Amino acid sequence: MRPTTEFDAIVIGAGSVGNPTAYFLAREGLRTLVLDELSASGQGQNKAAIGGVRATHSDPAKIKLCQESLDVFSHWREETGTDIGWKKGGYCFPAFTEKVEATIKGLLPIQKQHRLNIDWLDADGIRKVVPGINENGLRGGTYSPDDGQVSPLLAAESFTTEAVRRGAVYRYRESVKSLVQKGNAVVGVRTEKEEYRASTVVNASGVNATAICKMAGLDIPILPDSHEGGISAPVRPFLDPLIVDLRPGPEGKTINFYFGQDANGQIIFCYTPIAPIAGTDRNSTYEFMPIIAARLVEVIPRLKNLLIRRVWRGLYPMTPDGSPVVGKAPNVEGFVLGVGMCGQGFMLGPGVGANLAALIAHGSPRIDREVFDLLSPARDLYRGKKEALK
Ligand SMILES: Cc1cc2nc3c(=O)[nH]c(=O)nc-3n(C[C@H](O)[C@H](O)[C@H](O)COP(=O)(O)OP(=O)(O)OC[C@H]3O[C@@H](n4cnc5c(N)ncnc54)[C@H](O)[C@@H]3O)c2cc1C
């Protein structure tokens, strides 16, 4: 028998990325350990997500990984018998201004090139997809019916259960304090309680990823910034898609906002602050509800009668170029990264997890290597920034 501290793979973080990664590693037959410093699965930023899942991006790597995520989420019930709140309602980006129309139409060619099911609908078409939408200035919009929503809470629980069913071990309230290294290889981790060994260690530690990378001598900048979200009491189902309104708000505080109705009938919503709020402050603000309420009612006036049940504030693990950092760490053997998910870690999680597990078990990802490598940890993470400054 192997000692209880020896594994094939260790995943640091039971979050949006770590849980599906553990599930796919266990499916590959690898003895997997998941460590989280919190008291249960999915208690980091995973539970802050509103659960939107779409493949309709413009970056090819995000498109491919999210197509894989959609496949996992949409078949999860058949596969495991567990309901994770999957709702195939699509995404809708309505256009109320010429600028937004040009932006979303500009993305269509690349989205079509990747065979994504997305189209421009005229105002009449959008009215049908979003009953009760404010028709004032409505020019049309894009609609992608194959995208959807999932409950992040149910998904974390179910990925964990299914990983454990396949032999994965979860240890909570254990924080990784250092990495065990042999030459230029990572061969394990140390927590405050124990030293564990494995030939592969996956860093899926979300907003803590920079500190864990530093333990291996790597400089990978993951910078938290905070975003608020909220959810209403349930109302009768009337809204299929998640709506993304790309207009900056008239209050001067929001760059865009998005919302939808989940599988329980609850309206779930959040906005992007006009200036990123750097740091790890997770206290709710007094201004969030009045601002988002005005934005919601402006897009769908009948939402004025909603009863709000709960608000929260979470963190996006941001990278300088706005893209995730996924793959083998440069110049460090046995160390794999699934970090820097920005505002899309929940939808990327299963795709990233499935590809990291394939990379670890078989030496290559499931999607095209060239596309996968667009997210390589070896890239210049400041390239977008530098280009923007030119
Ligand atoms: C308001 C809001 C709405 C959002 N909506 C969406 C959405 O609709 N769709 C979407 O895709 N994304 C959304 N996101 C973004 C999403 O929540 C994040 O991108 C995602 O959760 C990040 O996943 P992760 O696995 O990297 O981090 P996490 O889920 O935070 O997991 C990291 C885990 O690592 C653990 N950890 C850290 N350090 C250590 C250590 N030293 N030792 C042990 N454990 C450690 C943490 O406790 C944590 O559990 C939203 C975010 C916010 C705030």
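As the structure lists them, so they are numbered: ligands from 1, and atoms in each ligand from 1. One is the number of the first residue; the rest follow in order along the sequence. Because the structure is a prediction, the values reported are computed rather than measured. Values below: all heavy atoms of this structure, side chains included; hydrogens, waters and symmetry mates excluded.
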In this structure, does ligand 1 have an atom that sits under 4.0 Å from one of the heavy atoms of [X]?
X: Gln149; result: no
X: His227; result: yes
X: Ser41; result: no

Please report which non-hydrogen protein atom sits nearest to [atom], along with the residue it belongs to and the distance in Å to one decimal place.
atom: atom 34 (O) of ligand 1; answer: Gly13 CA, 3.2 Å
atom: atom 20 (C) of ligand 1; answer: Ser16 OG, 3.4 Å
atom: atom 1 (C) of ligand 1; answer: Ala48 O, 3.5 Å
atom: atom 8 (O) of ligand 1; answer: Gly52 N, 2.9 Å
atom: atom 30 (O) of ligand 1; answer: Gln45 N, 2.7 Å
atom: atom 44 (N) of ligand 1; answer: Glu37 N, 3.1 Å
atom: atom 12 (N) of ligand 1; answer: Gly343 O, 3.0 Å
atom: atom 5 (N) of ligand 1; answer: Ile50 N, 3.1 Å

By number and element, which atoms of ligand 1 are closer than 4.0 Å to a non-hydrogen atom of [X]?
X: Leu315; result: 53 (C)
X: Leu35; result: 43 (C), 44 (N)
X: Gln344; result: 10 (C), 11 (O), 12 (N), 19 (O)
X: Val17; result: 25 (O)
X: Leu38; result: 47 (O)
X: Cys342; result: 15 (C), 18 (C), 19 (O)
X: Asn46; result: 21 (O), 29 (O)
X: Ile212; result: 41 (N)

Would you check the N or O atoms of [X], main chain and side chain alike, for any that come under 3.5 Å of an N or O of ligand 1?
X: Ile12; answer: no
X: Glu228; answer: no
X: Trp312; answer: no
X: Phe346; answer: yes

| message | Walk me through whether Ser175 and Thr191 qualify under side chain to side chain contact (heavy atoms under 4.5 Å, CB included). | response | CA-CA 5 Å; Ser175 175; Thr191 71; 5.9 Å; no
| task | Examine the side chains of Ser158 and Trp76 and answer whether a donor and an acceptor come within less than 3.5 Å of each other. | result |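 Side chains of Ser158 and Trp76: pair found under 3.5 Å.
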| query | Cut-off 3.5 Å, side chains only: do Ser226 and Arg313 have a donor facing an acceptor? | reply |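 Side-chain D/A pair, Ser226 to Arg313: present.
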| ligand 1-proximal atoms of Glu174, by part, heavy-atom distance under 4.0 Å |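 Just the backbone.
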| Does Lys88 pair with Asp146 as a salt bridge, N-O distance under 4.0 Å? |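 Asp146 and Lys88: salt-bridged.
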| message | Between Arg369 and Leu359, is there a side-chain heavy-atom distance shorter than 4.5 Å? | response |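 Side chain of Leu359 against side chain of Arg369, heavy atoms only: contact under 4.5 Å found.
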| Any side-chain heavy atom of Cys92 sitting closer than 4.5 Å to one from Ile126? |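 Heavy-atom side-chain distance check passes, below 4.5 Å.
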| request: Report the C-alpha distance between Glu68 and Asn355 in whole Å, list the side-chain angles of each, state the deciding distance to 0.1 Å, and finish with yes or no for side-chain hydrogen bond (donor to acceptor under 3.5 Å, both in side chains). | output: CA-CA 9 Å; Glu68 299 225 322; Asn355 278 274; 2.9 Å; yes
Around atom [atom1] of [X], are there more than 12 heavy atoms of other residues, nucleotides or ligands at under 6.0 Å?
X: Lys193; atom1: NZ; value: yes
X: Glu98; atom1: CD; value: no
X: Asn136; atom1: CG; value: no

| task | Evaluate the criterion side chain to side chain contact (heavy atoms under 4.5 Å, CB included) for residue pair Thr56 and Asp147; output intermediate values, then yes/no. | result | CA-CA 8 Å; Thr56 43; Asp147 295 326; 2.8 Å; yes
| message | Can you see whether Phe257 has Arg295 sitting over its ring - NZ or CZ less than 6.0 Å from the centre and within 45° of the normal? | response |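 No.
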| Which of the listed options, Gly353, Gly345, Gly314, holds the heavy atom that is closest to atom 16 (C) of ligand 1? |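 Among Gly353, Gly345, Gly314, the closest heavy atom to atom 16 (C) of ligand 1 belongs to Gly345.
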| query | Who's closest to atom 32 (C) of ligand 1 heavy-atom-wise, of Gly44, Gly338, Ala204, Gly18? | reply |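 Answer by nearest heavy atom: Ala204.
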| request: Over 60° means perpendicular and under 30° means parallel, so classify the ring planes of Phe288 and Tyr271, tilted if in between. | output: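 Rings of Tyr271 and Phe288: tilted, 30 to 60°.
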| Which pair of heavy atoms, one from Pro224 and one from Thr280, lies closest together, and at what distance? |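 Minimum heavy-atom separation between Pro224 and Thr280: CG-CG2, 3.7 Å.
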| field | Spacing of Leu108 atom CG and Gln113 atom CD [to the nearest 0.5 Å] | value |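 Going from the CG atom of Leu108 to the CD atom of Gln113 covers 12.5 Å.
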